[in-house]
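Below: one structure, written as structure tokens.
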Amino acid sequence: MPSYAYFHKQFVPLSQAKIGVMTQALHYGTAVFEGIRGNWNSQQKQIYLFRLREHYERMHDGCQVLNIDLPYTIDELCQITGELVERCRFQEDVYVRPLAYKSSESLGVRLHDLDCDFLAFVIPWGPYLDMDKAKCGISSWRRPDYNVIPPNAKVTGLYVNNAFAKSEAIGKGFDEAIMLTPDGHVSEGSGENIFLVLDGKLVTPASDNHILMGITRDTVIKLAQQELGVETTERKVDPSELFAASECFLTGTAAHITPIGEIDHRQIASGEIGQITKKLQQLYSEVIRGDNPKYLDWCTPVYKHPENSWIFQGA
Ligand code: PMP
């Protein structure tokens, strides 16, 4: 099945979407990206894009930080994404990667006086952390401060920090890194937020702890409260609290909800998936696939005629 991209205001086969070697964003990391999941529901023969609008709202905020003036409204970006995924006709979980970038082919470090463009592409993509339980290591790489690169925007250049942490973790035999804030509190994984269960309640680093405000994080907070009656406290988390937690897990669009079995070779509680994590995983997996009617507002169906989902219905 061929993948498509939206590139230079057109839908083209992914293999034809190429940018010039002088593109400003390639040299200076001056782009904002998103990661959006399309979740395949095999019974309904439908792909549901999860919290599509919220992803583009976050991208819009990031564009403002990076002085990127996008020639599309959030509604238009949602529309383009739906059509792009429909064209690909995949019958499996997919991942959409939108990118808003400084597209001028001119050198010189700056944010001003540059053209901007938007592209997106779709690929089939299963679970990112493909394991029952992740082994994590506390990273020697700290999150950058707000006056270095704002860590709450998905700026491509910022992700050099995350890449350092991820490769260090893999090099040490872990699956994922846990990064700390500049002052040594728990921040997040290289592509996920982190939650702990302490005294039967959820705890997660607060918005000013150098995190990306994850959409999965928000989903988990809401599902825990509304479906399990479990409240979440957003606050500073000391690394030592990780070892006192009865459960620990990572959340992200790519990683879904991934339990953490051990941190720095120390087992978290029994090392097995905890009860709250298990319940949240079950809830989350039905919600993102459009199987829970209460949360259908979060799911955008892609195929107009799901019974013939392999036929592209667009013009
Ligand atoms: N933190 C970082 C650094 C990320 O890259 C991601 C993935 N977008 C997340 C957290 C989780 O965010 P979300 O749940 O919106 O995917």
Side-chain angles (χ1 to χ4, degrees), residues 29 31-39 49-62 65 81 93-100 120 123 125-129 134 136 138-139 141-146 148-169 175-182 185-196 202 204-224 232 234 237 248-258 260 280-281 283-285 287-288 295 298-299:
V32 176
F33 70 105
E34 264 307 323
I36 305 170
R37 274 243 183 230
N39 302 295
L49 292 165
F50 189 61
R51 302 193 72 178
L52 179 60
R53 203 182 163 78
E54 288 90 331
H55 281 282
Y56 281 119
E57 283 168 355
R58 185 169 68 187
M59 177 179 242
H60 182 265
D61 294 348
V65 174
T81 305
D93 291 346
V94 299
Y95 183 81
V96 184
R97 167 53 53 81
L99 187 79
I123 52 166
W125 209 16
Y128 174 62
L129 294 175
C136 295
I138 295 180
S139 186
W141 296 95
R142 300 249 166 134
R143 296 294 284 159
D145 221 330
Y146 290 87
V148 178
I149 303 177
N152 51 352
K154 277 183 85 76
V155 175
T156 55
L158 164 71
Y159 275 72
V160 172
N161 173 246
N162 306 42
F164 275 134
K166 178 78 182 193
S167 288
E168 178 192 60
D175 304 308
E176 186 53 287
I178 297 172
M179 285 191 282
L180 304 183
T181 63
H185 291 93
V186 176
S187 181
E188 60 182 350
S190 72
E192 309 85 16
N193 294 112
I194 187 166
F195 283 78
L196 294 70
L202 287 168
T204 193
S207 61
D208 58 352
N209 289 185
H210 304 71
I211 61 167
L212 181 78
M213 291 298 279
I215 290 163
T216 320
R217 175 185 183 277
D218 180 70
T219 304
V220 161
I221 292 173
K222 291 192 167 118
L223 290 179
T232 303
E234 298 173 61
V237 176
C248 228
F249 59 88
L250 297 166
T251 64
T253 296
H256 300 305
I257 296 174
T258 303
I260 299 176
L280 283 168
Q281 267 186 329
L283 268 166
Y284 182 74
S285 99
V287 166
I288 61 170
Y295 296 97
W298 281 344
C299 300

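Read the numbers this way: they start at 1 and go in the same order the structure lists the ligands and their atoms.
Each of the following atoms of ligand 1 lies closer than 4.0 Å to a heavy atom of E192: 1 (N), 2 (C), 9 (C), 10 (C). Residue-ligand proximity, S190 to ligand 1, at heavy-atom distances under 4.0 Å covers atoms 3 (C). Residue contact check: N162 has heavy atoms under 4.0 Å from atoms 3 (C) of ligand 1.
In the candidate list G214, G252, G191, G191 is nearest to atom 9 (C) of ligand 1, counting heavy atoms. Across L250, D218, I215, heavy-atom proximity to atom 15 (O) of ligand 1 is greatest for I215.
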Show your reasoning for whether side-chain contact (heavy atoms from CB on, under 4.5 Å) applies to V237 and H185. CA-CA 6 Å; V237 176; H185 291 93; 5.9 Å; no
For T251 and Y284: C-alpha separation, side-chain torsions, deciding distance, then whether side-chain hydrogen bond (donor to acceptor under 3.5 Å, both in side chains) applies. CA-CA 11 Å; T251 64; Y284 182 74; over 6 Å; no
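Among the atoms of T251, none of the N or O lies under 3.5 angstrom from an N or O of ligand 1. Checked by distance only, ligand 1 and R217 stay at 3.5 Å or farther apart across all their nitrogen or oxygen atoms. Looking at H55 next to ligand 1, no N or O pair under 3.5 Å apart turns up. Close N/O approach between K154 and ligand 1 is found [any backbone or side-chain N/O within under 3.5 Å].
For I211, no heavy-atom contact with ligand 1 is shorter than 4.0 Å. Contacts between A254 and ligand 1 below 4.0 angstrom, taking non-hydrogen atoms only, are absent altogether.
Atom 16 (O) of ligand 1 has as its closest protein heavy atom T253 OG1, 2.6 Å. Shortest contact from atom 5 (O) of ligand 1 to any protein heavy atom: Y159 OH, 2.6 Å. Among all protein heavy atoms, the one lying closest to atom 2 (C) of ligand 1 is E188 OE1, 3.6 Å. Counting only heavy atoms of the protein, atom 11 (C) of ligand 1 lies nearest to N193 OD1, 3.7 Å. When hydrogens are left out, the protein atom nearest atom 14 (O) of ligand 1 is T216 OG1, 2.6 Å; that is the closest non-hydrogen contact.
Taking each heavy atom of T181 and N209 in turn, the nearest pair found is CG2-O, 3.4 Å. Pairing each heavy atom of S187 with each of I194, the nearest pair is O-CG2, 3.8 Å. Contact detail for A177 and A165: the closest heavy-atom pair is CB-O, 3.4 Å.
A heavy-atom separation below 4.0 Å is found between R58 and ligand 1. Heavy atoms of A255 stay at 4.0 angstrom or farther from ligand 1.
Taking the six-membered ring where the residue is Trp, F50 and W298 present perpendicular rings, their angle passing 60° and hence far from 30°.
Residue-environment remark: NE2 (H60) stays at or below the threshold of 12 foreign heavy atoms within 6.0 Å.
A salt bridge links K166 with E176: the distance from a Lys NZ or Arg NE/NH1/NH2 to an Asp or Glu carboxylate oxygen falls below 4.0 Å. A salt bridge links E57 and R53; the closest N-O separation between the charged side-chain nitrogens and carboxylate oxygens is under 4.0 Å.
Across E234, E188, E192, a single residue satisfies salt bridge (charged side-chain N to carboxylate O under 4.0 Å, His left out) together with R217, and that is E234.
A donor-acceptor contact under 3.5 angstrom links the side chains of Y56 and T81, judged on distance only.
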